[in-house]
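Below is one structure; the comments refer to it alone.
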Amino acid sequence: MPQQHWLIKTEPTSYSIDDLKRDKRTAWTGVRNYQARNFMRDGMKVGDTALFYHSSAEPTGVVGVARVCGAARPDPTALDPKDDHHDPKSTKQDPIWLAVDFEFVEKFAKVVALETLRTTPGLEGMQVLRRGQRLSIQPVTEEEFRIVTGLARGNTRGKVR
DNA sequence: GCCAACGTTGGC
DNA sequence: GCCAACGTTGGC
């Protein structure tokens with residue numbers, strides 16, 4: 001399986017690209033959606049890269065890149081009764097929820113704003129642009145990944161609608 | 001703060 | 001298995 005690409009959402013007040021830059025790597029815990037879990041379990045491989053997306057931010061958009069550095073494993077926060085993300089349905093025998101590990105790759109000099117994604121040809125199919133889309137882990141095509149990182153580096157070719 | 005969209009829960 | 005109620009997400 002070749003390297004795949006993803007988009008991972010986070011609220012920067014909870015965990016931001018600056019936090020990842022400081023930490024170098026982090027466990028992506030607290031995902032409590034079956035579709036997102038299945039992407040971690042069945043899709044994500046060590047070495048896959050992800051667009052790091054800030055939601056509920058000003059502006060919202062892609063702020064950098066992270067790389068998968070640890071494959072899916074039971075999410076420890078689901079098993080910890082003291083944790084905010086504790087889920088009593090999750091047990092050691094049957095963990096239900098999973099986490100992967102991400103390492104910092106880069107922080108963009110400028111946010112690639114949601115508004116920019118919306119108006120950039122070639123990105124029309126991105127799930128994050130769909131109204132009401134709440135999935136916190138989304139697959140992204142190689143082409144979409146390339147366009148977004150290109151925008152971040154100031155490549156505006158084909159950008160104007 | 002509002003509210004549309006969506007996933008989950010639980011009564012039946 | 002249906003579906004109304006509810007809680008959450010996330011753009012605005």
Side-chain angles (χ1 to χ4, degrees), chain A residues 4-23 26-44 48-66 68 72-102 104-141 144-145 147-152 156 159-161:
Chain A
Q4 289 184 238
H5 305 283
W6 308 92
L7 180 145
I8 56 175
K9 279 191 214 167
T10 174
E11 297 194 18
T13 53
S14 164
Y15 195 85
S16 72
I17 189 72
D18 289 319
D19 293 327
L20 182 59
K21 186 175 185 180
R22 178 199 63 214
D23 298 342
T26 194
W28 209 251
T29 58
V31 175
R32 297 292 179 269
N33 170 283
Y34 287 103
Q35 207 180 340
R37 179 204 67 181
N38 294 347
F39 282 136
M40 289 195 285
R41 184 187 62 194
D42 307 329
M44 279 190 181
D48 284 2
T49 45
L51 300 172
F52 198 98
Y53 181 91
H54 279 178
S55 62
S56 299
E58 186 51 53
T60 63
V62 179
V63 294
V65 175
V68 177
R73 56 188 170 83
D75 182 341
T77 67
L79 297 165
D80 181 357
K82 297 187 298 295
D83 194 281
D84 285 347
H85 294 102
H86 176 239
D87 183 349
K89 293 195 302 295
S90 179
T91 63
K92 268 194 162 161
Q93 291 71 34
D94 185 15
I96 304 182
W97 302 116
L98 303 174
V100 298
D101 294 285
F102 281 106
F104 177 79
V105 174
E106 72 170 305
K107 178 188 177 182
F108 295 158
K110 230 179 87 194
V111 178
V112 179
L114 181 59
E115 181 60 26
T116 304
L117 300 179
R118 285 196 196 286
T119 55
T120 301
L123 301 182
E124 297 85 356
M126 285 188 79
Q127 288 194 42
V128 73
L129 303 184
R130 288 225 313 269
R131 179 185 173 84
Q133 178 54 259
R134 293 160 40 171
L135 196 57
S136 63
I137 295 177
Q138 306 174 359
V140 164
T141 68
E144 289 162 349
F145 187 90
I147 292 174
V148 173
T149 51
L151 289 169
T156 56
K159 180 179 171 185
V160 180
R161 185 182 287 232

Legend entry - Residue pairs involving residues 27-40 of chain A (criterion side chain to side chain donor-acceptor pair (under 3.5 Å); sequence neighbours excluded): A:Arg32-A:Asp75, A:Arg32-A:Thr77, A:Asn38-A:Arg41
Does [X] have any salt bridge (charged side-chain N to carboxylate O under 4.0 Å, His left out) partners at least two apart in sequence or in another chain, and if so, which?
{"X": "A:Glu115", "answer": "none"}
{"X": "A:Lys92", "answer": "none"}
{"X": "A:Arg131", "answer": "none"}

Inset, instruction - Sequence neighbours left out, what passes ring pair (Phe, Tyr, Trp, His ring centres under 6.0 Å) with A:His85? Give chain and number order. - result: none
Inset, instruction - Give the first and the last nucleotide of DNA chain C, reading 5' to 3', that has any atom under 4.0 Å from a heavy atom of chain A. - result: C:dG7 to C:dC12
